[in-house]
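Below: the structure, in structure tokens.
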Amino acid sequence: MLSRLLSSLIRRPDRPRGTAPRHGGSDLVEQAEQALAEGDSQRAQTMLENALHAGAESARIRRALGSILGAGGHLERARVELERALEIEPDHASALADLGNVHRLSGRFDEARMCYVSALRHDSENAAVGCNLALLDDHTGRTEAAIDALRSLVQYPAYPEAVRALVDILGRIGRTAEAKSTCTAILAREPDHALAHAVLGFLLLKRELEPERALEHFDRAIALGYADAELWSNRGIALQHSGRIEEAIASYDIAVQVGPNYRLARFHRALALLMRGDFGQAWPDYELRLLSEDRPKPPRSFPAWRGERLPAGALFVHGEQGIGDEIMFASCLPDVIDLQPRTVIACSAKLETIFRRSFPSAAVMSLQRACESSADVEFADVMAMAPIGSLPRHFRLSRESFPRHAGYLRADPDLVEEYRARLARLGSVPKVGVSWRGGSELTRRALRSLDAERLARLLATPGVQFVNLQYDSRPEGEGIERVLAEGKLVHWQDALDDYDRTAALVCALDSIISVCTALIHLGGALGRPVSVMAPHSPEWRYGIGTDTMPWYPSVHVERQPRAGDWDSVVCAVQRRLAAGI
């Protein structure tokens with residue numbers, strides 16, 4: 001939203017919906033606006049500054065210059081120019097609107113509100129100002145007032161940015177059905193409303209997990225002439241989720257060409273390249289994840305590691321993503337320790353004991369412990385740091401660089417023997433761990449999880465004793481609850497409450513069957529036989545077009561042949577069980 005607010009500072013003066021542009025003003029401002037249209041804001045700024053130095057003076061020149069300065073991030077200089085414009089012409093609605101934007105970007109929200117309200121008093125039909133005022137209301141906690149204001153702006157003809165803003169807010173607060181109905185109502189009145197198609201496509205992609213339907217709306221928006229970097233990037237995501245990787249990469253390429261500074265397109269292209277196995281090409285842009293505002297801050301701050309040996313000091317490696325990714329990227333820790341024997345590792349508390357046992361020459365602590373001042377002694381000689389997800393950039397540049405390991409994590413041998421003894425009391429049939437639900441609502445849980453019917457069919461496999469490895473075993477719906485109540489699944493809560501015990505049970509079992517979740521990474525990192533039940537187009541970690549994962553030689557991927565076809569996957573897994581593999 002910040003970039004859109006900045007861009008609004010350099011548009012031609014806003015005008016009411018449905019009215020013709022106002023004429024008049026100096027030729028100089030028209031020339032500066034032409035320079036802006038050509039993407040040359042510096043030339044436009046120079047022209048306006050030269051005019052002022054030559055003695056020209058008008059509210060329109062001051063407003064235009066303030067607008068350009070604001071868009072360039074020079075907020076204090078922009079404020080001065082816009083206030084001068086208003087000294088000359090106090091009711092200059094566009095200058096008031098731009099000054100409101102500058103105040104808002106500077107965090108002066110009360111002043112921004114006063115400017116927006118004054119601008120609307122002089123130009124009541126200005127949809128852009130009304131939209132910015134609504135967004136300010138939302139930002140300052142008046143969300144319902146913002147929604148009401150935006151609803152008035154999406155009546156015929158629907159103001160595009162209001163459509164986007166309203167759907168963003170409704171989606172954020174969980175009113176997805178309302179957001180969708182807003183788009184469908186607009187398209188019923190205005191079937192060629194390009195932005196409404198783009199926004200509805202986004203809802204279908206992200207909220208309803210229907211990439212093919214989303215593509216129809218994305219392509220319609222493009223045909224109508226709306227095709228910014230965000231749309232091309234979202235289109236790439238939809239193609240990727242449909243399993244059309246080459247087309248997805250092509251769409252991301254266009255997004256990067258249209259918006260070179262749109263980092264999300266580069267990041268999602270990196271994920272598609274990783275899925276395809278182009279590791280060396282993908283890792284540089286995978287680093288863009290570190291710029292996310294949602295990313296937790298590292299527990300300590302040191303200079304970034306560039307892959308070099310640090311002969312006089314230590315390297316600090318810290319966890320940064322989910323537990324599954326921490327386990328996967330930990331496959332690079334043996335390489336790191338070989339290069340840099342003095343290594344300090346901060347990981348999830350769940351993994352601390354396992355990592356300490358598996359990497360005994362390193363100093364291992366939890367992320368929480370790394371934040372405490374009492375841990376300062378461990379960091380006294382640290383010279384550089386690396387997020388654990390950045391390690392593959394130095395050690396995994398091609399498929400050939402992945403080691404054929406037999407497991408790089410180590411379970412507690414005493415606990416392994418304890419669980420082997422328990423399992424032996426269940427009889428002589430193979431003992432297979434199972435997990436059927438993965439991810440969250442934001443990471444496509446509905447597409448990654450087995451429903452009750454498929455889970456029941458899997459658990460009915462003859463000649464196998466299944467053991468529960470579902471880390472969150474709360475039933476979701478009556479169907480799953482009924483299946484679990486049938487007693488075909490051995491459940492040991494102690495093995496799920498402590499991840500060190502989970503690792504021991506995984507090592508004691510004959511094999512593991514799971515949907516895409518952290519259990520896959522744990523089993524593969526321990527070198528155990530694992531069968532992945534994967535959707536047609538899974539997350540990048542599971543690749544595409546192959547039944548293997550370069551990260552884990554012991555893992556086999558059973559992928560849906562078509563989107564949603566879990567029946568084929570369950571049948572394939574049962575055949576492998578019957579064959580003893």
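Throughout, residue positions are numbered sequentially from 1 according to the sequence presented.
When side chains are defined from C-beta on, Thr46 counts as touching Gln42, because their heavy atoms get closer than 4.5 Å. Phe302 is not listed as a side-chain neighbour of Leu315, based on a closest heavy-atom distance of 4.5 Å or more. In this structure, Arg396 and Ser331 have side chains that are in contact, with non-hydrogen atoms separated by less than 4.5 Å. At least one side-chain heavy atom of Arg172 sits under 4.5 Å from a side-chain heavy atom of Thr143. Looking at Arg269 and Gln240, their side chains never come closer than 4.5 Å, going by heavy atoms from C-beta outward. Side-chain contact between Phe218 and Asn234 is present, with at least one heavy-atom pair separated by less than 4.5 Å. Put simply, the side chain of Arg289 reaches to within 4.5 Å of the side chain of Pro387, judged on heavy atoms. The shortest distance between side-chain heavy atoms of Leu509 and Arg528 does not fall below 4.5 Å.
A donor-acceptor pair is defined here as one N or O able to donate and one able to accept, closer than 3.5 Å; no such pair exists between the side chain of Ser514 and the backbone of Ile520. One N or O on the side chain of Gln340 and one on the backbone of Gly313 form a donor-acceptor pair closer than 3.5 Å. For the pair Ser358 (side chain) and Arg410 (backbone), a donor-acceptor distance under 3.5 Å is present. Judged purely by atom type and a 3.5 angstrom limit, Gln470 uses its side chain to pair as donor or acceptor with the backbone of Arg437. Between the Thr546 side chain and the Thr548 main chain, a donor and an acceptor come within less than 3.5 Å of each other. Proximity of a side-chain donor or acceptor of His405 to a complementary backbone N or O of Trp551 within less than 3.5 Å is detected. Counting only distance, with no hydrogens or angles, the side chain of Arg357 and the backbone of Ile354 share no donor-acceptor pair below 3.5 Å. Between the side chain of Thr140 and the backbone N or O of Leu136 there is at least one donor-acceptor pair closer than 3.5 Å. Formation of a donor-acceptor pair under 3.5 Å by the Thr176 side chain with backbone atoms of Gly171 is not found in this model. Side-chain atoms of Ser511 never come within 3.5 Å of backbone atoms of Val530 as a donor-acceptor pair (strictly under, hydrogens ignored).
Ion pairing between a basic and an acidic side chain is recognised when a charged N comes within 4.0 Å of a carboxylate O; Arg77 and Glu81 show no such pairing. Salt bridge absent: Glu326 and Lys350 never bring a charged side-chain N and a carboxylate O closer than 4.0 Å.
In summary, the aromatic rings of His217 and Phe202 are positioned with their centroids too far apart to meet the 6.0 Å limit.
Listed by chain and residue number, Ala146, Ala149, Leu150 satisfy the side-chain contact (heavy atoms from CB on, under 4.5 Å) test with Ala134 (two or more places apart in sequence, or in another chain). Scanning for side-chain contact (heavy atoms from CB on, under 4.5 Å) contacts around Glu400 gives Ser398, with sequence neighbours left out. Judged as a side-chain contact (heavy atoms from CB on, under 4.5 Å), and not counting sequence neighbours, the contacts of His139 are Phe109.
Residues Ala238 and Pro211 share a closest heavy-atom pair of O-CB, 3.4 Å. Across all their heavy atoms, Leu339 and Gly307 have their closest contact at CD2-O, 3.5 Å. Contact between Ser348 and Ile323 at its shortest, heavy atoms only, is OG-CD1, 4.4 Å. For the pair Arg309 and Pro341, the tightest heavy-atom approach, listed with the atom from each and the gap, is NH1-CD, 3.5 Å. Closest of all the heavy-atom pairs between Leu526 and Ala503 is CD1-O, 3.6 Å. For Ile388 against Gly319, the heavy-atom pair with the smallest separation is CG2-CA, 4.0 Å.
By the 30° and 60° cut-offs, the orientation of the rings of Phe329 relative to Trp283 is perpendicular. Ring planes of Tyr252 and His268: parallel class, angle under 30° (limits at 30 and 60°).
Under 3.5 Å, the side chains of His318 and Glu320 contain no donor-acceptor pair of N or O atoms. Glu287 and Ser390 share a side-chain donor-acceptor pair at under 3.5 Å.
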Q | Derivation and outcome, side chain to side chain contact (heavy atoms under 4.5 Å, CB included), residues Trp305 and Leu391 | A | CA-CA 9 Å; Trp305 187 53; Leu391 299 181; 3.9 Å; yes
Q: May I have the step-by-step check of side chain to side chain contact (heavy atoms under 4.5 Å, CB included) for Trp436 and Ile513, ending in yes or no?
A: CA-CA 8 Å; Trp436 62 89; Ile513 297 172; over 6 Å; no
Q) Can you check side chain to side chain contact (heavy atoms under 4.5 Å, CB included) on Ile237 and Lys206, steps first, answer last? A) CA-CA 10 Å; Ile237 296 171; Lys206 292 292 188 178; 4.1 Å; yes
(Q) Let's go through Asp253 and Gln257 carefully: what are the C-alpha distance in whole Å and the side-chain angles of both, what is the deciding distance for side chain to side chain contact (heavy atoms under 4.5 Å, CB included) to 0.1 Å, and is it a yes or a no? (A) CA-CA 6 Å; Asp253 286 342; Gln257 185 177 18; over 6 Å; no
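Between Ser251 atom OG and Arg235 atom CZ the span is 4.5 Å, to the nearest 0.5 Å. The distance from the CG atom of Leu522 to the CD1 atom of Ile327 is 5.0 Å, given to the nearest 0.5 Å. A distance of 5.0 Å separates CG of Leu48 from CD1 of Ile68, quoted to the nearest 0.5 Å. If you take CD1 on Ile345 and CG on Leu367, they are separated by 11.5 Å, rounding to the nearest 0.5 Å. Expressed to the nearest 0.5 Å, how far CG of Leu133 lies from CG of Asp138 amounts to 11.5 Å. Taking CZ of Arg501 as the reference point, atom CG of Asp412 lies at 8.5 Å (rounded to 0.5 Å).
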Donor-acceptor pairs under 3.5 angstrom involving side-chain atoms of residues 259-266: please list them, not counting sequence neighbours.
from   : atom 1 : to     : atom 2 : distance (Å)
Arg266 : NE     : Asp285 : OD1    : 3.4
Arg266 : NH2    : Asp285 : OD1    : 3.0

Using distance only, find each side-chain donor-acceptor pair of residues 371-379 under 3.5 Å and give its atom names and separation, not counting sequence neighbours.
from   : atom 1 : to     : atom 2 : distance (Å)
Ser374 : OG     : Arg369 : NH1    : 2.5
Asp376 : OD1    : Arg300 : NH1    : 2.9
Asp376 : OD1    : Arg300 : NH2    : 3.0

Let me have the donor-acceptor pairs involving side chains of residues 538-545, under 3.5 Å, with sequence neighbours excluded, atom names and distances please.
from   : atom 1 : to     : atom 2 : distance (Å)
Glu539 : OE2    : Arg444 : NE     : 3.3
Glu539 : OE2    : Arg444 : NH2    : 3.2
Arg541 : NE     : Asp325 : OD1    : 2.5
Arg541 : NH2    : Asp325 : OD1    : 3.4
Arg541 : NH2    : Asp325 : OD2    : 3.0

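The local environment of CZ in Arg306 is sparse, with at most 12 non-hydrogen atoms from other residues, nucleotides or ligands closer than 6.0 Å.
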